[in-house]
Each structure stands twice: as structure tokens, then as C-alpha cells.
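Encoded as C-alpha cells, the structure appears first; notes follow it.
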Amino acid sequence: MRQANHELSPMACPRGLADVDLFGPGAAEHWYEAYAILHAQAPVLRLPGEGLTPDRDAFVLTKYADVARVVRDWERFPPLLSMLIAQIAETGKLAREMPDLDAMVQSIATLRPTPDLWRAHRQQLTDPWVGPGAKRHEAMITRHVDKLIDSWIAEPTIDFVSQFARVLPQLAMASVLGFPLEDIGRLEIWGNAQVMSYVHGCGHNNILTPEQTAEKFRLLAGLSDYVRDQVRTKRAQPQDDMISFLTQVHYEALDRKLTDAEIDGIVYAMIIGGLETTQYALVEQAQLICERPGLFGTLKTDRAAIRSFIEEGMRLRSPTQGLSTRMTGQDEVFQGVTVPAGSTLHLRWGAANIDPDEFEDPLDLKLDRQAVTRHLAFSAGPRICPGSGLSRLEQTIAWNRLCDRLGGIAYAPGNTFLHQPGIMLGTLSLHLAITPTENPA
């Protein structure tokens with residue numbers, strides 16, 4: 001990756017294994033240098049005392065084969081969230097009676113606590129809208145993309161983050177759910193609150209301070225009220241949107257309709273997954289174009305290559321770099337390292353996606369790479385990201401229309417290439433010089 005302005009970064013570039021820290025301040029500026037070291041010297045990195053309890057450890061997995069093996073086997077490597085759901089069941093309390101749980105977790109407890117119900121939830125409730133059925137939104141997304149481009153096409157330079165990449169998924173998700181577009185500002189606030197732990201949380205467990213947690217739930221309380229107002233309105237007067245669909249559908253897996261609280265939780269999940277990934281993917285893809293002379297011209301003349309470009313972009317610079325989402329149900333061995341039962345596994349998708357044992361020339365962007373969707377940017381297996389269809393559609397339409405309307409893009413002065421903290425590869429700003437095409441489509 002191109003070098004950031006390290007004068008503003010508190011962490012130095014790691015030169016050996018002793019220097020590697022994936023979670024400290026400024027770590028994002030050197031993740032990819034750290035991955036090279038980990039692949040060579042510690043593909044399974046032990047984090048002593050950082051498991052679920054102080055007497056247990058956590059382990060960072062960086063090899064593609066290991067991460068893929070874990071995400072595809074729910075039973076052998078149970079999700080930490082499933083353990084939380086089981087603990088809820090053992091307390092004898094309903095999830096809504098536990099004030100420290102957000103609406104998404106509460107809805108998971110009733111709608112999808114098992115692999116079979118997780119699969120049914122995706123197939124009947126989300127796939128028609130943000131999965132394979134996302135194609136229904138093509139015209140809507142195209143309108144949003146064109147309006148955004150219209151707003152800055154006459155400017156010589158733009159901030160690609162704030163003027164395009166951040167706003168597009170907000171507009172698209174509001175339209176899918178059926179929120180009024182004038183409420184986009186509130187949607188951004190709530191989206192930021194939902195991912196607060198992944199941005200400002202400490203360590204691989206993304207732990208917030210008590211004050212940060214209180215602020216998060218204060219903000220999310222407003223979202224819950226807002227969504228329930230929308231649900232009540234759409235139950236009475238359904239429209240052609242996802243929330244209206246959820247108020248009317250008879251959920252076959254449980255042979256009943258959904259409650260308001262369950263719909264609230266589904267909407268939470270849509271917002272937390274539907275805003276961040278697409279934003280970060282688009283911004284990194286723009287940087288890949290700027291760093292590779294001729295690439296934009298190739299995409300302009302060969303639109304079929306946009307699909308491979310998008311997939312390679314997400315592989316090379318995964319929007320979500322890693323999460324501590326699984327644990328070992330029994331003693332396991334990864335890369336010759338014994339990992340005891342009950343250990344937390346931090347799955348480092350960003351490192352797995354550039355594993356030299358899995359991908360030939362892993363740091364090269366190859367438009368002719370075979371099986372280009374094999375990356376793990378959306379995870380894999382039964383818990384694969386349900387909104388991957390919508391994200392891919394947004395990226396595809398965005399780059400097709402940008403290719404139609406721009407003759408070229410390049411870095412403008414003023415870039416620092418610094419990233420937000422946390423576990424997502426979020427460039428804070430990206431100043432681009434743009435050249436409108438002479439004959440826009």
C-alpha cells in the first residue's frame with residue numbers, strides 16, 4: 001500500500017514480530033506490513049489473557065485456509081453471539097428485559113438462534129431485498145449515483161468520501177428500508193452509533209468505556225423509537241419497501257408474523273451492515289485506480305472488467321479487516337499451533353485475502369484472476385454477509401456511471417491517507433482531481 005503521512009500517526013511501521021500490534025492507535029496505517037510479518041513468522045498469533053475470561057487466550061488467524069475453515073463450520077467453531085443467546089436462554093429472561101443488549105441481538109434470540117433458522121431468516125426475510133433479490137433496486141441506485149455525480153461534476157476536485165462514497169449507501173439503504181430521504185442525516189448518526197465499538201473500542205474485543213457505551217445506547221434509543229414509528233405506519237399503509245414487507249410477511253420458519261421488536265432488530269442489522277462496507281470498498285477502489293495508470297481507461301472500455309475490479313478491490317483491501325466472532329468448541333490445531341477449547345478466534349479477513357499460499361501474486365490487482373469471488377471480504381459459510389448482493393450492486397452501478405461520466409480521476413493535493421481507528425479500513429478523506437468526459441452517456 002502507498003505510504004501514509006506517518007507524522008500524524010502514533011504507531012511506527014513494524015519491522016519485526018515484536019513490533020506487530022493490530023489493535024493499537026494508528027495500527028491501521030501499517031496493517032499490511034504487519035500481515036507480511038505474521039504470515040511469515042506467526043500465522044497464528046496468541047493474545048495471552050484476552051479470551052472470554054482472563055484465564056483464556058485469544059488467537060489471531062491470518063491464513064486463508066484457517067479462516068475459511070472456521071467460518072464454514074458453525075458447530076465446531078460456534079459464534080460468540082450464539083453463546084450470548086444461549087446465556088440469555090439460561091437466565092429465564094426474555095432478551096428485551098436485558099438493558100445492555102441492542103435490538104439486533106434481541107431479535108436474533110427469537111428469530112435466528114440456530115444455523116437452520118439463520119439460513120431461513122436470510123432466505124425469506126433478507127435475500128429478496130439485499131441478497132440475490134437486490135437487482136430490484138438497480139434503477140433506484142442509478143438515480144442516486146447520477147444525482148451525486150451531478151452535484152460535483154463541475155468541480156475540479158472533490159472529497160470522494162464525503163461527496164460520494166459515504167452518501168451513496170446511506171441513500172440506497174434509506175430507499176430500500178423505506179425511510180424518507182430527508183432523514184439521511186439521522187440515519188448517519190445512528191449508523192455511526194451502531195459501529196462505535198468497531199471504531200472506538202479497545203483491543204480485539206472492541207470494548208467501549210462505560211461512558212461510550214452509555215452514549216451509544218442513548219443515540220440508538222432514538223433509532224428504536226424512529227423505526228417503531230415507521231413500522232406502525234407501514235403496518236397500516238404498506239408501501240414497496242423492506243420494512244413494509246417485514247410488517248406483512250408470514251415467516252414460514254416460525255409459522256407466524258414478525259413482532260415490532262423483531263423488525264426493529266432486522267433494521268438495526270441492515271443499517272450496521274449496509275452503510276460501512278460499501279463506503280470503504282468504494283474509497284479503496286478509487287485509490288487502486290489512482291495508483292495504477294491506465295486502469296480507469298481499461299474499465300471504461302471493458303465494462304465486463306468492472307466485476308473483477310470490484311472483487312479484487314475488496315480482496316486487496318478488505319473493508320472489515322477482522323472480527324473476534326468465533327471460539328473453539330474443542331482443542332484445535334492451526335498451522336501447527338495448538339489452540340485450546342474455549343479460546344476466542346479473531347478472524348483476520350484482510351490478511352487471509354492476501355495470503356500468498358492461496359493467491360498467486362496476492363498484492364497484484366488481476367482482472368483475469370480465476371474464481372475472483374473466493375475472497376472472504378463478506379465472510380463465507382452460513383453466516384455470510386446477507387447484504388453482499390446490495391453492496392456489490394451499488395459498487396457495480398457506481399463504477400459504471402463514474403466510467404460513463406468521467407474521463408479520469410487522480411489524486412489531488414492534500415491527501416494524508418490516514419484511516420479511522422478500529423477494525424475497518426476507513427480512509428478519513430480522499431481528495432480527487434476529476435476530469436468530466438466529453439461525451440457522457
Side-chain angles (χ1 to χ4, degrees), residues 1 11 14 17 20-39 41-47 50-52 57-73 77-81 195-208 272-273 276-277 279-281 284 313-328 332 334-335 337 339 343-359 362-363 374-381 383-385 388 391 419-427:
M1 297 179 69
M11 182 179 289
L17 184 58
V20 169
D21 179 357
L22 299 179
F23 309 105
E29 311 310 332
H30 308 295
W31 274 335
Y32 284 83
E33 293 91 345
Y35 296 159
I37 295 170
L38 291 176
H39 282 153
Q41 301 181 39
V44 180
L45 180 67
R46 179 173 172 260
L47 303 177
E50 295 191 30
L52 290 176
D57 299 334
F59 293 81
V60 179
L61 304 185
T62 61
K63 299 292 285 182
Y64 180 97
D66 294 336
V67 176
R69 171 185 161 201
V70 169
V71 297
R72 291 188 170 99
D73 195 334
F77 305 100
L80 296 178
L81 190 54
V195 299
M196 185 183 293
S197 59
Y198 302 125
V199 176
H200 300 293
C202 180
H204 77 97
N205 286 315
N206 314 119
I207 298 174
L208 294 174
I272 197 171
E276 308 296 326
T277 299
Q279 171 189 328
Y280 303 144
E284 292 301 323
M314 289 190 290
R315 180 189 67 80
L316 278 167
R317 299 181 183 174
S318 304
T320 301
Q321 290 281 299
L323 285 172
S324 295
T325 60
R326 299 293 185 103
M327 68 173 293
T328 49
E332 300 285 352
F334 297 101
Q335 306 297 320
V337 176
V339 177
S343 300
T344 299
L345 299 177
H346 179 84
L347 309 180
R348 202 68 183 186
W349 294 299
N353 284 335
I354 57 164
D355 181 355
D357 290 334
E358 191 66 30
F359 299 99
L363 298 182
R374 288 184 62 253
H375 62 78
L376 298 172
F378 291 113
S379 191
R383 289 170 59 91
I384 192 170
C385 175
S388 59
S391 180
H419 301 86
Q420 68 181 33
I423 48 79
M424 294 175 286
L425 191 63
T427 304

Q: Look only at the side chain of Arg326 and the backbone of Val71, and say whether a donor-acceptor pair between them is shorter than 3.5 Å.
A: yes
Q: Give, for atom CG of Leu316 and atom CZ of Phe359, the distance between the pair rounded to the nearest 0.5 Å.
A: 9.5 Å
Q. Has the side chain of Asn205 got a donor or acceptor atom that lies under 3.5 Å from a matching backbone atom of Ile207?
A. no
Q: Compare all side-chain heavy atoms of Met424 with those of Gln279 and state whether any distance is below 4.5 angstrom.
A: no
Q) Would you call Thr344 and His204 a side-chain contact if the rule is heavy atoms closer than 4.5 Å? A) yes
Q. Does any non-hydrogen side-chain atom of Leu425 lie less than 4.5 Å from one of Pro319?
A. no
Q. Got a donor-acceptor contact below 3.5 angstrom from the Glu358 side chain to the Asn353 backbone?
A. no
Q.
Do Tyr280 and Glu284 pair up side chain to side chain, a donor and an acceptor below 3.5 Å, judged on atom types alone?
A. no
Q.
Nearest 0.5 angstrom please: Ser324 OG to Leu347 CG, how far?
A. 7.5 Å
Q. So, Gln420 versus Tyr198: side-chain donor-acceptor pair below 3.5 Å or not?
A. no
Q: List in chain and number order the residues that pass side chain to side chain contact (heavy atoms under 4.5 Å, CB included) with Ala351, two or more places apart in sequence or in another chain; answer none if no residue qualifies.
A: Tyr35, His39, Thr62, Arg348
Q. Do Trp31 and Leu22 touch side chain to side chain, with heavy atoms closer than 4.5 Å?
A. yes
Q.
Measuring only between side-chain heavy atoms, which start at C-beta, is Phe23 closer than 4.5 Å to Glu50?
A. no
Q.
To the nearest 0.5 Å, what is the distance between CD1 on Ile423 and OG on Ser197?
A. 8.0 Å
Q.
Would you compute the distance between atom CD1 of Ile384 and atom CZ of Arg72 and round it to the nearest 0.5 angstrom?
A. 8.5 Å
Q) Between the main-chain N or O of Pro362 and the side-chain N or O of Arg315, is there a donor-acceptor pair closer than 3.5 Å? A) yes
Q. Side-chain contact, heavy-atom cut-off 4.5 Å: Ile354 with Leu363?
A. yes
**Q.** Interatomic spacing from NE2 in His419 to OG1 in Thr427 - rounded to 0.5 Å
**A.** 3.5 Å
Q. Would you say the side-chain atoms of Asp66 pair up with the backbone N or O of Phe334, donor to acceptor, closer than 3.5 Å?
A. no
